[in-house]
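To keep things clear, I will list the structure first and then write my remarks on it.
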Protein chains: 2
Amino acid sequence: MQEKSGIPLPSLRRLPFYYRRLAEALQQGLAVVSSEELGAAAGVAGAQVRRDLSYIREEGRPGIGYDARALASRLEEFLGLVNAKEAVLVGVGNLGRALASYSGFERYGLHIVALFDQDPAKVGMTVGDRQVLPMTKLTSLIARLRIQMGIITVPSCAAQDVADLMVGGGIRIIWNFAPCRLVLPESILVKNEDLAAELATLSHHITHRTQMSH
Amino acid sequence: MQEKSGIPLPSLRRLPFYYRRLAEALQQGLAVVSSEELGAAAGVAGAQVRRDLSYIREEGRPGIGYDARALASRLEEFLGLVNAKEAVLVGVGNLGRALASYSGFERYGLHIVALFDQDPAKVGMTVGDRQVLPMTKLTSLIARLRIQMGIITVPSCAAQDVADLMVGGGIRIIWNFAPCRLVLPESILVKNEDLAAELATLSHHITHRTQMSH
DNA sequence: TAGATTGTTAATCGATTAACAATC
DNA sequence: TAGATTGTTAATCGATTAACAATC
């Protein structure tokens, strides 16, 4: 996945770590944080932080550092953490339930408004306070509520069919946890979270005892 | 995380996708696959594939392509998928159970040999065919069985304490699903799977409707 | 031979890092 | 003022891409 314009993707991916460090600092009553401290939270040097923050037009004070509250607000705005984001989730296995009940997501503005499963035995079940709905209702619900994001936690490549249904309903962004490459129109943003593929790279390191650093 | 020597990290991370495409091809009875086809499976061009494969010293035949069986074997070997890798998992919530019962891992040689949880109510529970053990047994079990890898699926930054215990037992590689940066000796390889941070970058895209491509 | 596809060189692209004048 | 830290320029580093002779 590559950003086509604006902030480089590696920079974007570091911002949440800066944000966490700022939240921590604020809780400790610190009003100001230096680029070096922020960098430590993301495993990069201070210069990198300053460069990253220049992309989002946030300025610090030379000799002092960054205003923690101002920078945290700017990051919330830039990352859109304050905006409500609605998602549906398909595949109510252990992983689906884990994501559906993960409180860290709500804190970032993500509301998983509906759960779906293909298994009739699961339809009607309650997870959190949401009922599991049948797949037949997926497309229409997405369209009716104008849901922006779809989360796929089905095993196997049934993921492709699920993705097609989601896109049919009007979804533009898919967070895919199935170990399959989805084939979808260019306009759909797909973020793959492919744990088996990640494991394979770890396996390489276990096998070859390679050192890594951040 | 940055590879210090050998194959570049971006290349390494594409190899599992090539491997999957090869497995698929073999199942379809294809004996040969071109770099362009492999590239499609990872979202890159053929030239990139040829470069990646040159790092692992696998050669194709000009005008023909790559021998699917030979390349698949080479990838299995290079990624260490055939080697048995033993891991312990700490934190038997939904996510922990999802990982503990994910069959895709076994296929890549990962055996999660023991589960731990800090919650007395969970100790003694059975997941798959493994009993959940108390934290007091973590370090000694790791040391006794010479476990290589630790998987952390606890919520919150109790993850740091868990990681310290793991390292105390002799673990060298940690797969961390907690939304916290672990502070550990340089020699320990930490792979963070930080879903909240990933969500934050998706949130940015939802908010700004940016296009991405692979 | 003609067509396809490789491996690799050279060019390009983009991110990171070092360095430092400017500023508080 | 002296010390700290910024924003940004220039240099470096590393990955990707284009191009093509070599090969099947």
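By convention in this document, chain letters (A, B, ...) are assigned in the order of the sequence lines, proteins followed by strands, and residues within each chain are numbered from 1.
As judged by a 4.0 angstrom heavy-atom cut-off over every strand, A/Arg57 is placed among residues making no nucleic acid contact. Using a 4.0 Å heavy-atom distance criterion, B/Glu36 is classed as making no nucleic acid contact.
Atom-to-atom distance recorded for A/Ile171:CD1 and A/Leu189:CG is 12.0 Å, nearest 0.5 angstrom.
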Summary of protein contacts for nucleotides 19-24 of chain C, nucleotide by nucleotide, where a base hit scores B, a sugar-phosphate-only hit scores S (4.0 Å, heavy atoms): B---BB
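The shortest non-hydrogen separation linking A/Thr207 to B/Gly80 is OG1-CA, 3.3 Å. Smallest separation of non-hydrogen atoms from B/Ala72 and B/Leu26: CB-CD1, 4.2 Å.
Phosphate contact (OP1/OP2 of C/dT6, side-chain N/O of B/Ser35, threshold under 4.0 Å): present. At the phosphate of C/dA18, neither OP1 nor OP2 sits under 4.0 Å from any side-chain N or O atom of A/Arg51. For A/Tyr55 and D/dG7, the shortest distance from a side-chain N or O to OP1 or OP2 is not below 4.0 Å.
Rounded to whole angstrom, the span from the CG atom of B/Leu15 across to the P atom of D/dA15 amounts to 13 Å. For B/Arg13 and D/dG14, the CZ to C1' distance is 16 Å, given to the nearest whole Å. Straight-line distance from the CG atom of B/Asp52 to the P atom of D/dG14: 17 Å, rounded to whole Å. If you take CD of A/Glu59 and P of D/dT5, they are 18 Å apart, rounded to a whole angstrom. If you take CG of B/Leu9 and C1' of C/dT16, they are 15 Å apart, rounded to a whole angstrom. Between the P atom of D/dT8 and the CD atom of A/Glu58 lies a distance of 13 Å, rounded to the nearest Å. Taking atom CZ of residue A/Arg14 and atom C1' of nucleotide C/dT17, one finds them 12 Å apart after rounding to whole Å. Nucleotide D/dT5 holds its P atom 16 Å from the CG atom of A/Leu53, rounded to whole Å.
Evaluation of the side-chain hydrogen bond (donor to acceptor under 3.5 Å, both in side chains) rule for A/Arg20 yields B/Asp194 as partners, not counting sequence neighbours. Every residue meeting the salt bridge (charged side-chain N to carboxylate O under 4.0 Å, His left out) condition with B/Arg14, not counting sequence neighbours, appears here in chain and number order: B/Asp52.
Within the 4.5 Å cutoff, no side-chain heavy atoms of A/Tyr108 are placed close to those of A/Asn83. A 4.5 Å side-chain heavy-atom check between B/Tyr102 and A/Leu95 finds every atom pair outside the cut-off. Annotation: side chain of B/Val88 is not in contact with side chain of B/Ile112 (no heavy-atom distance under 4.5 Å).
Each salt bridge (charged side-chain N to carboxylate O under 4.0 Å, His left out) pair with one or both residues in residues 76-91 of chain A, not counting sequence neighbours, appears once here: A/Arg74-A/Glu77.
At least one cation-pi condition fails for B/Arg61 and B/Tyr66: the charged atom is not both under 6.0 angstrom from the six-membered ring centre and inside a 45 degree cone around its axis.
No close placement of the B/Phe105 and B/His111 rings is indicated, their centers lying 6.0 Å or farther apart.
Counting only heavy atoms from C-beta on, A/Gln48 has its side chain closest to C/dT17 among C/dT17, D/dT17, C/dT6. Of the candidates D/dA15, C/dT6, D/dT6, D/dT6 carries the atom nearest the A/Ser34 side chain, counting heavy atoms from C-beta on.
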Nucleotide-level pairing of DNA chain C, given in dot-bracket where Watson-Crick and G-U pairs need both distances under 3.5 Å and | marks other strands: ..||||||||||||||||||||||
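Sorted by residue number, the list of members of residues 67-76 of chain B with any non-hydrogen atom under 4.0 Å from DNA chain D is empty.
Neither side chain, B/Ser103 nor B/Glu106, offers a donor N or O lying under 3.5 Å from an acceptor on the other.
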